[in-house]
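Single-structure report; data block below.
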Amino acid sequence: MKVQIENGPAFEVAAGEDSLLRAALRAGFDFPYECSVGGCGACRFDLLDGPMATLWEQAPGLSERDRRRGKRLACQSLPLGDCTIRVRPAGSEPSGLPAAQRLSATLMTRRAVTPDLSEFTFRLPADPGFRAGQYALLYPPGVQGARAYSFSDAPGEPADAGIWRFMIRRVPGGRGSNALFDQVSPGDVIDLDGPYGHAWLRSADADHPRDVVCVAGGSGLGPMLSVARGVLAEAATASARRVHFFLGLRTQAELGAAAEVESLGGGDRLQLTTVLSNPTEGLAWSGPTGFVHHQVEATLTALGRPFDAYDHYFAGPPPMVEAVQELLMVRRRVPFGQIHFDRFV
Ligand SMILES: Cc1cc2nc3c(=O)[nH]c(=O)nc-3n(C[C@H](O)[C@H](O)[C@H](O)COP(=O)(O)OP(=O)(O)OC[C@H]3O[C@@H](n4cnc5c(N)ncnc54)[C@H](O)[C@@H]3O)c2cc1C
Ligand code: FES
């Protein structure tokens, strides 16, 4: 099948492809997107001509107004024949990022980090590569649609080629995450597709390397571990970048997540601040409490450098991500090019 972009290029959709978005990205077209799973609305387009199936009618990425205007989501659409569509290329990604591949991967191990968060390690039959901070789509058995999970590792040793690790939280009532915990055991095979995502670790500015701020809310731990690992893997010269890692958890029961960050080592190049939003009374806790974005503001202000002296990476639930965005973009006027995030819609 051929998809023609109005006033733009055309690309082929291979048999077996699962969505217009994935087909376009694999063909090298810079289709706008963020979440890949129907939640954000970034991949909206207009269908001008041709047959197109909608995979998930109720996807929250489209508002009622969008639906009335005939908008569609590329990550929830599949061409059924030759089509013509209208969409503007995102124009934001450089070339040279690893191309996404869909592969059958074997779960090697599952390791509990907190009562509801585990590290899943998969072996792939090939090594598509990825950048620290990106994510992949996992296809849990018996569940409609894919789920996005961020890499918790950074690309590194050749021995790790084709090994993908994720920190996955079991969401109460969530179909995909519970299927991964309950129906996928070591040795089982599921499909993985990636890498995707824009919140990958940028190289340091050669003349003025900026330190990196990582803010993780809950399961946002995974991509922030990946970004921190990427920074700490850089040569430890006098001007090497440092990481200020802020970790927002609910209670002391989740402190295993902080131990994961501490295990990165890094010496004085890694500064971890853990904040509990809802500490359990009677259990020891002498650290800060409240919302993690308040702690980010207090700590960076106390350090005395302007907020745009750092590159900022953050990931987690939408309210946390929106609060950090508001802090950095609106109140502290950090340039957009220094802000990279994933909203776990
Ligand atoms: C970019 C990104 C990175 C993420 N990284 C992580 C991570 O590292 N660790 C982590 O624990 N979580 C991560 N998440 C959240 C994760 O993708 C899931 O949303 C979460 O695990 C809940 O999924 P669930 O299936 O358990 O819940 P459900 O409520 O069953 O599903 C919610 C998710 O599935 C999608 N979905 C629901 N129904 C359908 C359908 N019919 N067709 C297609 N899609 C559907 C929704 O858009 C939503 O993303 C990330 C999310 C995004 C967008
Ligand atoms: S990329 Fe399609 S809705 Fe987010």
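Both ligands and their constituent atoms are indexed starting at 1 by order of listing. Quick note: residue numbers are just sequence positions, from 1.
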Which is it for R305 and D211 under the salt bridge (charged side-chain N to carboxylate O under 4.0 Å, His left out) test, yes or no, and what are the steps along the way? CA-CA 11 Å; R305 293 160 68 202; D211 284 353; 3.5 Å; yes
R67, CZ: over 12 other non-hydrogen atoms inside 6.0 angstrom: yes
Below 30° counts as parallel, above 60° as perpendicular, anything between as tilted: where do the rings of W164 and F166 land? perpendicular
Report, in ascending order of atom number, the atoms of ligand 2 lying under 4.0 Å from any heavy atom of C40. 1 (S), 3 (S), 4 (Fe)
Is any side-chain heavy atom of P32 closer than 4.5 Å to a side-chain heavy atom of C43? no
Going by the angle between their ring planes, with limits at 30° and 60°, are F31 and F29 parallel, tilted or perpendicular? perpendicular
The atoms of ligand 2 lying under 4.0 Å from a heavy atom of G38, numbered in the order shown, are 3 (S)
Tell me whether atom 2 (Fe) of ligand 2 has C43 as a neighbour, meaning an N, O or S atom of it below 2.8 Å. yes
A student comparing R147, Q58, E34 should find that the heavy atom closest to atom 35 (C) of ligand 1 comes from R147
Counting only heavy atoms, tell me which of G41, A148, P32, G61 gets closest to atom 3 (S) of ligand 2. G41
Would you check whether G222 reaches within less than 4.0 Å of ligand 1, judged by its heavy atoms? no
Ligand 1-proximal atoms of R343, by part, heavy-atom distance under 4.0 Å: backbone
Would you say ligand 1 has an N or O under 3.5 Å from any N or O of S177? yes
Hey, mind stepping through R250 and E254 against salt bridge (charged side-chain N to carboxylate O under 4.0 Å, His left out) and telling me if it holds? CA-CA 7 Å; R250 280 167 299 180; E254 296 174 355; 2.6 Å; yes
Nearest protein heavy atom to atom 27 (O) of ligand 1, by residue and atom, and its distance? G174 CA, 3.3 Å
Please test R44 against D66 for salt bridge (charged side-chain N to carboxylate O under 4.0 Å, His left out), starting from the C-alpha separation and ending with a verdict. CA-CA 9 Å; R44 275 187 303 249; D66 288 330; 3.3 Å; yes
If we ignore hydrogens and angles and just use 3.5 Å, is the side chain of N178 paired with the main-chain N or O of G174 as donor and acceptor? yes
Of all the atoms in ligand 1, which lie at a distance below 4.0 Å from a heavy atom belonging to C35? 53 (C)
Can you tell me if R111 has over 12 outside heavy atoms packed within less than 6.0 Å of its CZ? yes
Closest protein heavy atom (residue, atom, distance) for atom 16 (C) of ligand 1: A148 O, 3.3 Å
Closest heavy-atom approach to atom 37 (C) of ligand 1 among Y33, F341, W56, F151 is made by W56
Relative to atom 20 (C) of ligand 1, which among F120, F344, F181, Y149 owns the nearest non-hydrogen atom? Y149
Heavy atoms only: which of L221, N178, V171 is nearest to atom 22 (C) of ligand 1? V171
R242, CZ: over 12 other non-hydrogen atoms inside 6.0 angstrom: no
Enumerate the atoms of ligand 1 whose separation from the nearest heavy atom of G145 is less than 4.0 angstrom. 42 (N), 43 (C)
Considering only non-hydrogen protein atoms, determine which one is nearest to atom 29 (O) of ligand 1 and report residue, atom name and distance to 0.1 Å. R175 NH2, 3.9 Å
Under a 4.0 Å N-O cut-off, is there an ion pair linking K2 with E12? no
Does a side chain donor of either Y149 or S177 reach within less than 3.5 Å of an acceptor in the other side chain? no
Provide the number and element of each atom of ligand 1 under 4.0 Å from a heavy atom of V345. 19 (O), 48 (C), 49 (O), 53 (C)
Enumerated ligand 1 atoms positioned under 4.0 Å from heavy atoms of I168: 11 (O)
Say whether G173, considering both its backbone and side-chain N or O atoms, lies within less than 3.5 Å of an N or O atom on ligand 1. no
the protein heavy atom lying closest to atom 11 (O) of ligand 1 turns out to be R169 N, 2.9 Å
I need the nearest protein heavy-atom contact for atom 8 (O) of ligand 1: residue, atom name and distance, please. S150 N, 3.1 Å
Could you check whether any heavy atom of Y135 sits closer than 4.0 Å to an atom of ligand 1, since that is the contact criterion I want to use? yes
Is any NZ, NE, NH1 or NH2 atom of the basic residue among E326 and R331 found under 4.0 Å from an Asp or Glu carboxylate oxygen of the other? yes
Taking atom CD as the centre, does Q338 end up with more than 12 heavy-atom neighbours from other residues, nucleotides or ligands that are less than 6.0 angstrom away? yes
With heavy-atom distances below 4.0 Å as the criterion, list the atoms of ligand 2 near S36. 1 (S), 4 (Fe)
Among all protein heavy atoms, pick the one closest to atom 47 (O) of ligand 1 and tell me residue, atom and distance. V37 O, 2.6 Å
Within the 4.0 Å heavy-atom shell around G39, which atoms of ligand 2 are there? 3 (S)
N/O donor-acceptor pair under 3.5 Å between T251 side chain and A253 backbone: yes
Using the ring of each side chain (for Trp, its six-membered ring), is Y196 parallel, tilted or perpendicular to Y135, with breaks at 30° and 60°? tilted
Examine C75 and say whether one of its N/O/S atoms is closer to atom 2 (Fe) of ligand 2 than 2.8 Å. yes
Within the 4.0 Å heavy-atom shell around E34, which atoms of ligand 2 are there? 1 (S)
Quick one: nearest non-hydrogen protein atom to atom 9 (N) of ligand 1, plus distance? M167 O, 2.8 Å
